[in-house]
Amino acid sequence: MTRYRYPSIPEAQVTPRELFESRRRFLNTGLALGAAAIAPGLLWPRSSYAWQGALEARIDSELPSHDLAGGEAPTSLRDITTYNNFYELGTGKRDPEIYGHQLVTDPWSLTIDGEVDKAGTFALEDVLRHQELEERIYRLRCVEAWSKVVPWIGFPLAKLLERHEPTSRARYVVFESIHDPDSLRGQRRSVLDWPYREVLRIDEAMHPLTLLAVGLYGEILPNQSGAPIRLVVPWKYGFKSIKSIIRISLVEERLPSSWEERNPEEYGFYANVNPQVDHPRWSQARERRIGESGRRETLMFNGYAEEVAHLYAGMDLQRHY
Ligand SMILES: Nc1nc2c(c(=O)[nH]1)N[C@H]1C(S)=C(S)[C@@H](COP(=O)(O)O)O[C@H]1N2
Ligand SMILES: [Mo]
């Protein structure tokens, strides 16, 4: 069967890291057992240790860092983590921080299915084990006309999809967030048709800028930011950057995203940042950068036109908003 083609990671690049990781895990296990002997009550549950401890150790080591926000200063950690949209935890901007503890991230697994040769459900630690982490500083522009600059830690989505071998029929990628109305207060209200769903075209998903983030500002993702793993598509409005992902499905037919389903006039499938296409209820020409006074001009494709404009060549962007 023919497959979707994308650049592959040379095996040699992956192997030393894996050896390094397994050695590190071994060392950490020794430390955890040592701590248990001193204070058994403080021993982390096995599942928590499984991904959080290993990820913390990796984040603490030197990671390559890439500034992809044109030298713009990152928004403060405080602003990034106290002004959020995460409707599973409530619709107020402070709700995700206040109620973040309702999101249980441990243990966490990720299902990858649909049009892939290697489908399955994988413990988060097993997903992360195979990925090279890096820091990437990106602008994030919400459809509500505010923005941030965030130093994410993560890895390209393409590197994950590649491991699962998409078939030639895979044309779209569907992402689904956690669904747990017993714990998540926001999911007891039908603001959206839960679970939160987002969708990308396969070429958008495979684009090297499309990131799966597991951390920010040198720390594991705080719950309000979409722990333990969220998407970041920096040239699209923030609602495409779906949080707390439990499932990634490759499909042949396009599905609507949650926001598109709710209101297709206001939230289009593409949702590419475009200062020339206004939201029906407000202008998109400018934005308020959290932590700044005044307004900035919104950039075409949020400043990533050089990298992504070719994906939409020949399309009428007023129509395919
Ligand atoms: N699951 C889920 N993902 C989500 C949202 C949400 O409500 N639920 N909000 C989106 C919106 S509208 C934006 S602007 C960004 C905000 O990310 P931040 O809170 O980390 O700034 O997350 C997006 N991802
Ligand atoms: Mo948003």
Side-chain angles (χ1 to χ4, degrees), residues 66-87 91-93 96 136-152 154 196 198-201 203-205 207-211 213 216-217 225-226 230-243 257-260 262-321:
H66 304 282
D67 171 20
L68 292 146
E72 291 179 36
T75 302
S76 73
L77 176 60
R78 198 186 153 71
D79 284 336
I80 288 173
T81 55
T82 57
Y83 191 94
N84 298 98
N85 275 341
F86 197 172
Y87 280 15
T91 52
K93 293 290 185 268
R136 289 201 189 177
I137 306 172
Y138 282 159
R139 297 177 203 90
L140 175 82
R141 168 59 157 85
C142 175
V143 73
E144 298 163 336
W146 54 264
S147 64
K148 300 169 167 173
V149 176
V150 186
W152 302 108
Y196 197 106
E198 257 311 331
V199 186
L200 295 175
R201 241 173 35 192
D203 57 340
E204 298 175 323
H207 192 283
L209 283 177
T210 304
L211 197 72
L216 61 79
Y217 259 113
S225 302
R230 61 120 17 118
L231 187 69
V232 185
V233 193
W235 71 94
K236 292 179 179 284
Y237 290 120
F239 69 85
K240 301 294 287 186
S241 292
I242 182 173
K243 295 176 169 181
S257 73
S258 294
W259 279 108
E260 189 187 359
R262 177 104 239 173
N263 193 338
E265 306 300 314
E266 301 196 358
Y267 310 104
F269 171 79
Y270 284 98
N272 292 318
V273 175
N274 188 337
Q276 285 143 36
V277 178
D278 289 340
H279 185 277
R281 292 183 279 135
W282 58 83
S283 162
Q284 294 292 28
R286 292 167 172 275
E287 66 199 52
R288 180 171 61 91
R289 178 68 52 83
I290 307 299
E292 280 182 8
S293 55
R295 299 202 142 219
R296 300 176 163 246
E297 305 270 314
T298 288
L299 306 172
M300 187 63 199
F301 293 111
N302 205 25
Y304 302 97
E306 217 171 284
E307 291 91 341
V308 303
H310 70 273
L311 297 174
Y312 312 102
M315 283 174 53
D316 176 354
L317 298 180
Q318 299 281 335
R319 206 161 69 82
H320 298 281
Y321 56 87

Taking atom [atom1] of [X] and atom [atom2] of [Y], what is their separation to the nearest 0.5 Å?
X	Y	atom1	atom2	result
Asn85	Ser241	CG	OG	11.5 Å
Thr91	Phe86	OG1	CZ	13.5 Å
Glu144	Gln284	CD	CD	10.0 Å
His66	Leu68	NE2	CG	7.5 Å

Quiz item: Will you find, in the side chains of Asn84 and Lys93, an N or O donor that is under 3.5 Å from an N or O acceptor?
Solution: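 No, no side-chain donor-acceptor contact under 3.5 Å.
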
Quiz item: Which residue, Tyr237, Tyr321, Tyr267, Trp259, forms the ring pair (Phe, Tyr, Trp, His ring centres under 6.0 Å) with His279?
Solution: Tyr267

Quiz prompt | Test side chain to side chain contact (heavy atoms under 4.5 Å, CB included) applied to Arg289 and Thr75, step by step | solution = CA-CA 8 Å; Arg289 178 68 52 83; Thr75 302; 4.1 Å; yes

Side chain [X], main chain [Y], donor-acceptor under 3.5 Å:
X	Y	answer
Tyr196	Phe239	yes
His207	Val233	no
Trp282	Val143	yes
Arg136	Gly154	no

Quiz prompt | side chain to side chain contact (heavy atoms under 4.5 Å, CB included) between Ile290 and Ile80, intermediate numbers included | solution = CA-CA 8 Å; Ile290 307 299; Ile80 288 173; over 6 Å; no

Practice problem: Just do the side chain to side chain contact (heavy atoms under 4.5 Å, CB included) check on Leu311 and Tyr270 with the steps written out, would you? | Solution: CA-CA 11 Å; Leu311 297 174; Tyr270 284 98; over 6 Å; no

Quiz item: Which of these, Arg286, Arg288, Arg141, sits in a salt bridge (Lys or Arg N to Asp or Glu O under 4.0 Å) with Glu297?
Solution: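 Considering Arg286, Arg288, Arg141, a salt bridge (Lys or Arg N to Asp or Glu O under 4.0 Å) with Glu297 is found only for Arg286.
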
Quiz item: If you count the non-hydrogen atoms of other residues, nucleotides and ligands that lie under 6.0 Å from CZ in Arg295, is the total more than 12?
Solution: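 It does: Arg295 CZ has more than 12 such atoms within range.
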
Quiz item: Is it true that Glu204 and Lys236 make a salt bridge, defined as a side-chain N closer than 4.0 Å to a carboxylate O?
Solution: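 Salt bridge flag = yes for Lys236 with Glu204.
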
Quiz prompt | Ionic contact status for Arg139 with Glu287, cut-off 4.0 Å | solution = no

Exercise. Cation-pi check, Lys148 to Tyr138: give yes when NZ or CZ is under 6.0 Å from the six-membered ring centre and within 45° of the ring axis, no otherwise.
Key: no

Self-check item: Student check: side-chain heavy atoms of Tyr217 and Pro74 closer than 4.5 Å
Solution: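 Heavy-atom side-chain distance check passes, below 4.5 Å.
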
Practice problem: May I have the step-by-step check of side chain to side chain contact (heavy atoms under 4.5 Å, CB included) for Phe301 and Val273, ending in yes or no? | Solution: CA-CA 5 Å; Phe301 293 111; Val273 175; 5.7 Å; no

Quiz item: Which one of Asn272, Asn302, Thr210, Asn274 satisfies the side-chain hydrogen bond (donor to acceptor under 3.5 Å, both in side chains) criterion with Trp235?
Solution: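 When side-chain hydrogen bond (donor to acceptor under 3.5 Å, both in side chains) is applied between Trp235 and each of Asn272, Asn302, Thr210, Asn274, only Asn272 qualifies.
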
Quiz item: For the residue pair Pro280 and Glu265, what are the closest heavy atoms and their distance?
Solution: CG-O, 3.6 Å

Quiz item: Looking at Asp278 and Pro275, what are the two nearest heavy atoms and their distance?
Solution: OD1-O, 4.1 Å

